[in-house]
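Okay, structure first, notes after.
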Amino acid sequence: MTAMHTDQVVAAAPTAPPSSVAAIARQTEIVIARILEVPVAILVSAEILILFSGVLARYVFHQPLVWSDELASMLFLWLAMLGSAVAFQRGEHMRMTAFVGALKPGGRAFIEVIAVSTALAFLLLILPAALDYAHEEVIVRTPALDLQNSWRASAMPVGLGLMAVFAILRLLQFASLRLVLGALVATALVIGLFWLLGPVLKPFGNLNLLIFFVGVVAACVFGGVPIAFAFGLATFGYLMLTTRTPPLVIVGRIDEGVSHLILLAVPLFVFLGQLIEMTGMAKAMVQFLASMLGHVKGGLHYVLVGAMYLVSGISGSKAADMAAVAPVLFPEMKKRGAKEGDLVALLAATGAQTETIPPSIVLITIGSVTGVSIAALFTGGLLPGVILAITLCGLVWWRYRGEDLSHVKKATAREIGRAFVVALPALALPFVIRTAVIEGVATATEVSTIGIAYSIVAGLLLYRQFNWRRLKPMLVETASLSGAILLIIGTATAMAWSLTQSGFSHSLAKSMTGLPGGAGTFMAVSIVAFIILGSVLEGIPAIVLFGPLLFPIAQALGIHQVQYAMVVVLAMGIGLFAPPFGVGYYAACAISRIHPNDGMRPIVGYIVAMLIGLVIVALVPWISIGFL
C-alpha cells in the first residue's frame, strides 16, 4: 500500500514482456489520462475561485452572488466523476488488500484481474441508466442560471464511461490472455447465475439483505474489489433482482450522495493540506515544537503528537498530515536511538488520535448525512483529540523515561523565539479557519478557500516557498483523492437508501433501543462496531451507511449527537490505523518507508492508550459538548 487512499487498485503489472496490443493499450491509457488531467485541474481551480468570490462578494462587498452555489454544484459533480476516473486510472480507489496480498503470485494475479472485471461489470450495468438519467434531466432547468440540468447530470455517464474505458485498457495490458478471459468468464457466470436466481430470491424478503449487503459486499471487499464498486454492485443486484426499483433510481441516489454541496469541502481541504506542506508552513510548526521539547526525554515523540494535532487541524487529510510531519522529525528521532517500529506505530496512533480535529473530512461527512451542525462538530472535536494525546504522551513518558539525552543541546530562548516567529503565521491558520466559521464569515464549505488564500499569501510573501510547477500535480492529486472518496459516498448513499426502503432501519432502531443497559450498552456496542467497521470499510463509507440509522437512536437514548459523533469517529480511527486490516497503518508505513512488521508489536501499547482515552470521552460528555 502506498497511501491511505492509494492502494494499487485495479491491476498487477504484466508478468511477461508486453505484446503490441498491451503496448497500444498502455499508450492509449496514458494519453487519455494526460488529457483528463487538464479539465480536473481546471475544475478544482474553478471551485476555489467561485467559492472565494462568493465569500468576498457577500462579506466584503455585501453583494451576494446568487448563482455561485448553483454553478459550484454543477461543476462539483463533474469534479467528482472525472476525479473518480483519474483515481481509477491511477489505482487510488480504496480497497482492502490484506487477503489478496497473502496469496501466491498466481492466485494474486487472477484475483487482481477479477477485481478489474468486477468493477467493469458494475460500470457496464449502470452506464445505460446513467445515460437515461442525463436524458431525463433535460426538462429540468436550474433556478439561477436557467440552464438545462442535463449539463450537470451528463457528468455521471461521462465519468462512468471513462472508468469503463480505463478498465478495458487495463485488462488488455495483462500478460496472460487466458487469465483475462478466465476472469471475464467467471465474472459473467456469477452475474448470470444471480440473474437466473432472481425469481427464487424475491420471496426471501429481508434475507436478501444478508445475501447482497453482507455476502456480496464481503466477497468483493475481501477479494480486492474497490469498496465503491463493491457497494454499487451489491446495491444494483439487490434492487434489480429482488425489487421493482428501476436502475434510474440507483443513479439518482449516487448523484445525491456525490453532489451534496457541503462535501465540496473535501477536495478543497485536501488541496489546502498539500498547500501547507508545499509552502513550508507545516515544517515551520514542527520545528517550533521541536525547539521547545527537543531536549526532554521522549521530547520529539511529544512533538510528533503535537505536530499531528496542529497539522491535522489544517489539512483534513491524514495522508497529507503524516507526509508533512514524518520526513521532518524521523531522521533526528532515529539519530537519538528511536526504533523504527516505535516511530511508525506512534505515527499511525496519532493519525487515529487526530481524527476529530477540525476540519476533519469525516466530521464534514457526518454533518452532511445526519444533519448535525458542522460548526458544532468542529468545536466539539478539539478536546477529545487532546484527551487521546494525553494518554499517548503518558505511554511515551513511560517508554522513554530512561532515554539518554546527554548529547542533545537545549535550544536557547532566542532560538525558540525565532522559531516561534517563523511558525506564527502557520500556527494562526487553524484559528483563522475556526473563527471564520464561528463568526459567520464563511460556511464550512467556503472556509477552506480562505485557508487556501491565506496559505498562498503566506507562502509567497513570508515563507517564500511556492513551487508553481507543483500546482498542477497538486490539483490533479486533489481531484483523484476526492473522486475516490466521493464515489464511495455516492454508492454508499444508494446502499443506505436500499436499507431504508427495505425496513431494515426500523428493525435496527427497534433492536438497538431495546438493548439492556440503555445508553451505556448502546455506546459500548457502537464503539466495538465502529472499530470493526473502521478497519474494514474505513470511516467515510461506514458513516454514510450507518450514520443516518444510529444517530437518531443515540439522540432518543439521551446521548448528545456531537458526543456520539466524537466517540464514533475516534473508534473508527482506531480501527483504521490498527493492523492487520487498518489501511491507515500501512499508509503510515509507506510514508515512513518502514516495514509493517516492525511496528506490529509497538503499536499494541498505543492502541490500548487510545482505547483508554476513548472510554474517557465516552463516559464524560463535557469533553465533547462543554464548549458548544
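- Counting heavy atoms from C-beta on, the side chains of Leu347 and Leu304 come closer than 4.5 Å.
- No donor-acceptor distance shorter than 3.5 angstrom exists from the side chain of Ser482 to the backbone of Ala479, with no hydrogens or angles considered.
- Annotation: the span from Leu272 atom CG to Ile456 atom CD1 amounts to 9.5 Å, rounded to 0.5 Å.
- One distance of note links OG of Ser259 with CZ of Arg152; it measures 4.0 Å at 0.5 Å rounding.
- Proximity of the aromatic rings of Tyr606 and Phe577 is defined here by a centroid distance below 6.0 angstrom, and this criterion is not met.
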Given the rule in the side chain to side chain contact (heavy atoms under 4.5 Å, CB included) test, do Leu550 and Ile553 qualify, once you have shown the distances and angles that lead to the verdict? CA-CA 5 Å; Leu550 297 180; Ile553 301 173; 4.1 Å; yes

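- Tyr454 contributes atom OH, which lies 5.5 Å from atom CE of Met281 (distance to the nearest 0.5 angstrom).
- Of all heavy-atom pairs spanning Met610 and Leu388, the tightest one is O-CG, 4.0 Å.
- At distances below 3.5 Å, not a single donor-acceptor pair connects side-chain atoms of Thr435 with backbone N or O atoms of Val432.
- When the options Leu210, Leu209, Asn208 are evaluated for a side-chain contact (heavy atoms from CB on, under 4.5 Å) with Asn206, the one that passes is Leu209.
- Between Val620 and Gln563, the closest side-chain pair of non-hydrogen atoms is not below 4.5 Å.
- Taking the six-membered ring for Trp and thresholds of 30 and 60 degrees, Phe627 and Trp622 have ring planes inclined between 30 and 60 degrees apart.
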I would like to know whether Gln561 and Thr370 meet side chain to side chain donor-acceptor pair (under 3.5 Å); could you show each step before the answer? CA-CA 9 Å; Gln561 288 193 318; Thr370 65; 5.8 Å; no

Carefully, step by step, assess Thr235 and Arg253 under the rule side chain to side chain donor-acceptor pair (under 3.5 Å). CA-CA 11 Å; Thr235 303; Arg253 298 287 75 77; over 6 Å; no

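- Between Ile452 and Phe52, every side-chain heavy-atom pair lies at or beyond the 4.5 Å cut-off.
- Contact of the Phe551 side chain with the Ile366 side chain is registered, since non-hydrogen atoms from C-beta on lie closer than 4.5 Å.
- Separating the CD1 atom in Ile574 from the CD1 atom in Ile531 is a distance of 5.0 Å, to the nearest 0.5 Å.
- With sequence neighbours excluded, the residues satisfying side-chain hydrogen bond (donor to acceptor under 3.5 Å, both in side chains) with Ser526 are Tyr564.
- Shown here for Leu75 and Glu47, the closest heavy-atom pair between the two residues is C-OE2, 3.3 Å.
- You'll find the side chain of Leu239 reaches within 4.5 Å of the side chain of Trp497, heavy atoms only.
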Show the numbers, then the answer: is there a side chain to side chain contact (heavy atoms under 4.5 Å, CB included) between Ile250 and Ile254? CA-CA 6 Å; Ile250 303 174; Ile254 294 175; 4.1 Å; yes

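- Using modelled atom types, one side-chain atom of Ser368 and one backbone atom of Thr365 make a donor-acceptor pair closer than 3.5 Å.
- Remark: the backbone N or O of Asp342 is not paired with any side-chain donor or acceptor of Arg399 at under 3.5 angstrom.
- The minimum heavy-atom distance between Thr391 and Ala609, with the atom names listed, is OG1-O, 3.1 Å.
- Side chain of His93 to main chain of Ala87: no donor-acceptor pair is present (N/O by atom type, distance under 3.5 Å, no hydrogens or angles).
- Of the inter-residue distances, the one linking Gln353 atom CD with Cys393 atom SG reads 7.5 Å to the nearest 0.5 angstrom.
- Shown here for Ala307 and Leu289, the closest heavy-atom pair between the two residues is N-CD1, 3.5 Å.
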Under the side chain to side chain contact (heavy atoms under 4.5 Å, CB included) criterion, do Met278 and Met474 qualify, and how do the steps go? CA-CA 9 Å; Met278 186 258 277; Met474 287 167 55; 3.8 Å; yes

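- Listed for the Thr478 side chain is no donor-acceptor partner under 3.5 Å among the backbone atoms of Pro267.
- Residues Met566 and Leu363 form a side-chain contact, since some pair of their non-hydrogen atoms from C-beta on lies under 4.5 Å apart.
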As a quick check of understanding, evaluate side chain to side chain contact (heavy atoms under 4.5 Å, CB included) for Gln274 and Leu475, giving each step before the final call. CA-CA 9 Å; Gln274 296 185 72; Leu475 291 168; over 6 Å; no

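- Residues His560 and Pro621 have side chains not in contact (no heavy-atom distance under 4.5 Å, counting atoms from C-beta outward).
- Minimum heavy-atom separation, Ile357 to Gly385: CD1-CA, 4.0 Å.
- Once rounded to the nearest 0.5 Å, the distance linking CG of Leu481 with CG of Leu486 reads 9.0 Å.
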For residues 611-618, which side-chain donor-acceptor pairs fall under 3.5 Å, sequence neighbours excluded?
none

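- Taking both residues in full, the closest heavy atoms of Gly380 and Val562 are given as CA-CG1, 4.2 Å, listed atom of the first, atom of the second, then distance.
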List the steps, then state whether ring pair (Phe, Tyr, Trp, His ring centres under 6.0 Å) holds for Phe122 with Phe236. CA-CA 8 Å; Phe122 168 70; Phe236 186 91; 7.1 Å; no

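- Listed by chain and residue number, nothing satisfies the salt bridge (charged side-chain N to carboxylate O under 4.0 Å, His left out) test with Asp69 (two or more places apart in sequence, or in another chain).
- In this structure the side chain of Val305 reaches within 4.5 angstrom of the side chain of Leu346, judged on heavy atoms.
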